[in-house]
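What follows is a short report on a single structure.
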Amino acid sequence: MWHNLAQHAKPVAAVAIAVILLQWRSNKRKHPPALRPQATFRKVLTDNSDIPFEHLQPAGGINNTTVPVHPFQQRIVQLSSTPPSVLTRNMAKPVPIEACPCRWVASLPDLQAMVQALESTEMLAVDVEHHHQHSYLGFVCLLQLSTGQEDYVVDALALHDHMHLLRPILASPAVLKVVHGGNNDVVWLQRDFHIYMVNVFDTEKACQVLGRHQRSLAKLLEAYCGVTTDKSFQKSDWRIRPLSTAQQAYAQRDAHYLLYLAHVLYLELQAGDAVSPAKQDKTRVMQAWTRCQKVSLSLYSKPPSQAAVSAAAAAVLRHHAASPQQLEAAAVAFPEREPQQIVCDCVRALCQWRDDVAREEDEGLQAILPDALLMALAAARPSSPSALIGQAKVALKKLNREASQQDAYDALPQSVPACLCQQSEKVCHLLHEASQGLGVQQPTPPSKAATGNSNQQRQLQTPEQRQASLRARLVKKFSAKSAVYENCKMFSQDGELLCFCDLRKLTWYESRGLAERVCEDPPAIKLNFMHKTGDQDRGVDDYYLHSKENKCVSCGEAGHYLRYKVVPACYRRNFPVQWKSHRSHDIVLLCVDCHHVAHKAAEVVKRQLSQEYGVPLFPPKAKPAGGNVCETHPYNVRRAAVALKVYGKTLPEGRRKELQQMVRGFVHPGAGEASGEEWLSQEEMEQGLLAGLAPRQKRRMMRQLAAEKAQTDQGGNLLGAAEQVQQESASTTDADTDSHQQAASAEQLSLVSVLDNTLRQDSLQASAPPAAPGEPHSELPQHAEVASGPEEDEQVELDDSNEAMGVEYTQKAPEIKQRLSEEDSNGHAWHGRHVVAAVLEQGGPDALLMLIQRFRQSFTEALHPEHLPSAWHVKHSADRDFGEHSIYASSSTA
């Protein structure tokens with residue numbers, strides 16, 4: 001019986017084994033084993049260390065400086081003044097890729113034959129397919145070339161060590177290279193093969209000059225060639241050999257139509273110049289050609305480790321957030337630390353570990369530890385390796401389920417990454433240290449006892465060393481600590497791109513049900529209402545339809561930058577709300593050096609305006625009772641008021657009268673002798689305490705004074721707690737006197753702390769980095785400006801904290817707002833307010849626009865910026881309309 005069963009079982013087992021083998025082969029093709037073609041490369045020009053990348057030496061000389069120089073810079077500069085004429089020749093629409101021969105070049109003889117065939121061509125389309133998912137720096141996998149009659153796809157993996165044979169053709173000024181969005185292609189070829197492209201025409205730059213909203217290659221192919229492209233192949237694994245049929249068609253298509261696209265776009269540039277002629281260097285053709293040459297002048301640079309870690313941590317924190325439950329757990333576990341800071345430190349520690357492992361293993365960051373999983377582990381902070389792996393599995397299962405529901409483009413790994421399993425104990429230790437604030441803090445500076453007096457050290461430095469040290473301190477203190485422009489997208493109800501903005505703006509629209517998320521990378525929303533079209537109708541919306549780069553608009557410095565207001569804040573804050581609300585055209589990024597130059601130029605214009613309108617830069621000096629001008633700064637007036645309020649009659653009588661005279665002379669300049677009152681009135685004391693404060697500090701001080709007033713008797717004199725206690729102590733027993741004095745001391749210490757803190761905040765106001773400029777489209781319904789600086793935030797903030805101050809403060813809000821505006825007489829704010837008022841009175845909105853353009857012109861003449869955002873220009877309109885959802889809609893129509 002068993003023998004018969006075995007005979008019947010053999011065919012069944014054979015069928016089962018065959019099915020299993022077929023499934024295994026299918027899964028193997030879908031999920032191939034780890035490929036590491038970079039391990040076979042012999043000529044490797046760079047590594048994952050922080051050692052700077054070495055470029056080719058310039059032709060005809062040696063670069064002895066530390067700053068890299070493009071080896072073909074002279075060729076490119078010579079070409080920049082002469083646009084290519086070859087693109088004006090008649091060119092027929094290309095045949096479909098199925099009818100055009102495509103040669104697969106994967107051997108050295110084939111590469112040599114291709115190079116020889118390309119020597120006689122005048123135009124060459126170039127495209128690159130790159131892989132970075134499983135390599136720290138990435139590497140070029142394919143190079144696609146097309147002459148219009150014949151297409152080539154070069155296997156850059158098989159021919160990696162011989163790709164330099166293409167260097168003469170791609171660097172030849174006699175051959176026009178056409179690319180689309182070639183910034184990355186240019187630097188990738190430099191990094192892997194020392195190939196530098198010269199004489200480049202970028203179709204994306206042409207679209208920018210033409211003002212096209214849809215500039216992707218897929219949209220251009222569909223519009224001009226009637227060809228649809230599946231752009232999902234952009235993130236295909238180009239290491240796999242052989243390529244699938246679909247991959248081959250995609251690679252050929254990217255280069256096949258480029259020459260024709262360049263031809264038609266170039267003709268459109270010429271047609272635009274014919275309609276609206278301009279100077280030779282300002283034509284559309286020259287603008288596009290200049291931008292293209294800047295692309296070819298780009299130089300590859302390796303990402304420094306610390307900068308890479310900081311950027312990665314900022315990206316994780318920007319796109320992912322810890323849940324309230326996780327923050328609450330962190331607060332319970334470490335009550336002495338802020339929960340948000342704990343999560344940030346853990347994210348930084350994991351990013352540092354991931355970067356170190358990725359560099360050592362030459363693996364992609366997301367393959368080592370995906371961002372979403374990194375945030376989940378940083379928020380959970382598992383304490384043991386088993387808990388770490390268990391929570392990683394749970395988090396991956398949840399994240400993959402959410403990704404499948406949202407139809408996410410990038411799939412997360414199904415299993416826990418191997419490196420995380422192997423180093424789970426080390427990761428737990430890093431998380432434990434980071435939770436306690438260890439291991440991620442910046443190194444503390446050495447003490448003076450160990451290094452000597454800092455002034456003596458500076459005296460021993462040369463002037464150049466002192467200047468470099470000062471510049472380093474300025475960069476560290478004032479530069480932006482993270483990327484300013486996030487370049488999120490906002491689309492209209494009809495799907496038209498309206499603007500680029502930050503993630504916070506997108507969240508605002510979503511939270512109010514005004515839009516829905518349509519994309520996650522990059523984040524994008526679509527409005528569900530009809531927006532106002534005032535900017536589009538006037539043709540002034542171009543500036544908001546272009547993404548912006550995080551670098552200095554003058555010199556291109558990307559290592560550090562800070563915000564600069566082209567129109568100084570002392571004027572801008574006094575503009576009508578429709579001229580300044582969410583108008584980021586005049587807020588640009590500058591490095592410290594360029595910021596200094598621009599500031600000096602603006603100060604020159606300020607002095608000119610001061611003479612033209614008869615408004616001095618500083619307000620009139622305070623006058624004491626005698627009527628003579630007193631050299632008293634508002635800061636000193638405020639200090640005098642603080643001393644009078646806190647210490648009352650404890651001051652010597654002569655000193656008290658001197659301080660009172662100083663405050664009264666400031667509040668009532670030129671009023672002669674005081675009214676005979678011994679003590680300052682409540683209004684005089686309040687104005688003295690507010691002297692010289694910025695708007696936000698003024699509002700804070702007014703709330704503090706209102707809270708005190710609600711708790712004390714409302715007499716005619718504002719004597720302060722100390723004085724009241726001393727008056728009452730005369731009629732009390734000794735024991736009562738002691739208790740009152742203790743209460744007075746506590747009250748004094750509390751008030752001194754509040755006022756001193758206000759003074760410190762005021763002194764730090766000038767050194768704080770500028771607030772983030774809003775970037776949303778000018779005609780969209782906007783919310784109140786968040787993170788706005790004191791120069792733009794003039795609204796009296798009536799929040800929940802007012803309930804603790806009594807109803808009186810809320811009722812007097814308009815009066816307080818008017819008083820703050822009238823008393824803001826310190827610095828150039830007084831000058832700016834009076835100049836703007838004079839400009840509007842004499843010439844109205846047109847004169848105000850001329851004032852704005854005057855500062856813009858001064859800015860461009862001082863710096864000659866080469867990297868200004870597209871569509872930025874001196875005559876850009878500043879006015880705007882408000883939509884029905886805007887908080888300013890009612891005020892603008894009133």
Side-chain angles (χ1 to χ4, degrees), residues 34 36 38 47-51 132-138 302-322 326-327 329-330 333-334 337-396 398-399 410 412-443 481-483:
R36 300 192 62 80
Q38 63 266 42
D47 55 22
N48 298 331
S49 68
D50 281 343
I51 300 175
H132 67 276
Q133 289 85 349
H134 293 283
S135 174
Y136 185 80
L137 295 178
K302 294 167 61 176
S305 56
Q306 290 304 313
V309 170
S310 299
V316 172
L317 293 170
R318 185 167 60 249
H319 295 101
H320 306 277
Q326 292 169 332
L327 294 177
F334 302 94
R337 302 194 67 208
E338 289 291 334
Q340 290 283 6
Q341 188 59 48
I342 296 174
V343 174
C344 290
D345 289 347
C346 290
V347 168
R348 170 81 188 198
L350 288 179
C351 285
Q352 182 68 65
W353 170 82
R354 181 178 69 173
D355 190 83
D356 293 341
V357 174
R359 288 174 182 266
E360 182 179 355
E361 300 291 334
D362 192 23
E363 186 60 271
L365 294 178
Q366 301 304 314
I368 297 294
L369 186 61
D371 286 349
L373 179 58
L374 187 149
M375 173 54 83
L377 295 178
R381 301 178 309 285
S383 56
S384 65
S386 58
L388 176 73
I389 296 175
Q391 291 186 7
K393 290 180 179 178
V394 173
L396 278 176
K398 177 182 177 182
L399 292 170
D410 291 327
L412 291 163
Q414 299 295 325
S415 59
V416 181
C419 291
L420 185 61
C421 296
Q422 297 168 2
Q423 301 191 29
S424 56
E425 186 173 352
K426 180 179 180 180
V427 172
C428 289
H429 179 69
L430 290 173
L431 288 173
H432 179 70
E433 286 189 339
S435 300
Q436 297 177 330
L438 305 175
V440 295
Q441 296 179 352
Q442 297 295 331
K481 303 305 184 288
S482 61

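A donor-acceptor contact closer than 3.5 angstrom links the side chains of H429 and E433.
The nearest pair of heavy atoms linking Y136 to A308 is OH-CB, 3.9 Å. Residues R36 and D362 come closest through the heavy atom pair NH2-O, 3.1 Å. Looking at every heavy atom in both residues, V343 comes nearest to M375 through CG1-SD, 4.0 Å. E363 and H134 make their closest contact through OE1-CA, 2.7 Å (heavy atoms, listed as atom of the first residue, atom of the second, distance). Taking every heavy atom of both residues into account, S424 and C421 meet most closely at OG-O, 3.3 Å. For the residue pair V309 and D355, the shortest heavy atom distance occurs at CG2-CB, 3.7 Å.
Atoms CG and CZ, on L430 and R348 in that order, are 13.0 Å from each other to the nearest 0.5 Å. Residue Q423 holds its CD atom at 11.5 Å from SG of C428, rounded to the nearest 0.5 Å. With values rounded to the nearest 0.5 angstrom, R354 atom CZ is found 4.5 Å from D371 atom CG.
Applying the side-chain contact (heavy atoms from CB on, under 4.5 Å) criterion to D356, with sequence neighbours excluded, gives Q352.
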Donor-acceptor contacts, no H, no angles, side chain residues 384-396, under 3.5 Å, sequence neighbours left out:
residue : atom : partner : partner atom : Å
S384    : OG   : S386    : OG           : 3.3
S384    : OG   : A387    : N            : 3.2

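Side-chain contact between L369 and V427: absent, with no pair of heavy atoms (C-beta onward) separated by less than 4.5 Å. Annotation: side chain of L317 is not in contact with side chain of S482 (no heavy-atom distance under 4.5 Å). Residues P303 and L137 form a side-chain contact, since some pair of their non-hydrogen atoms from C-beta on lies under 4.5 Å apart.
Between R381 and D345 there is no salt bridge, since none of the side-chain N atoms of the basic residue sits less than 4.0 Å from a carboxylate O of the acidic one.
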Item to complete: Go through L350 and V316 one step at a time and tell me if the side chain to side chain contact (heavy atoms under 4.5 Å, CB included) criterion holds.
Response: CA-CA 11 Å; L350 288 179; V316 172; over 6 Å; no
Fill in: Derivation of the salt bridge (Lys or Arg N to Asp or Glu O under 4.0 Å) call for R359 and D50
CA-CA 10 Å; R359 288 174 182 266; D50 281 343; 3.7 Å; yes
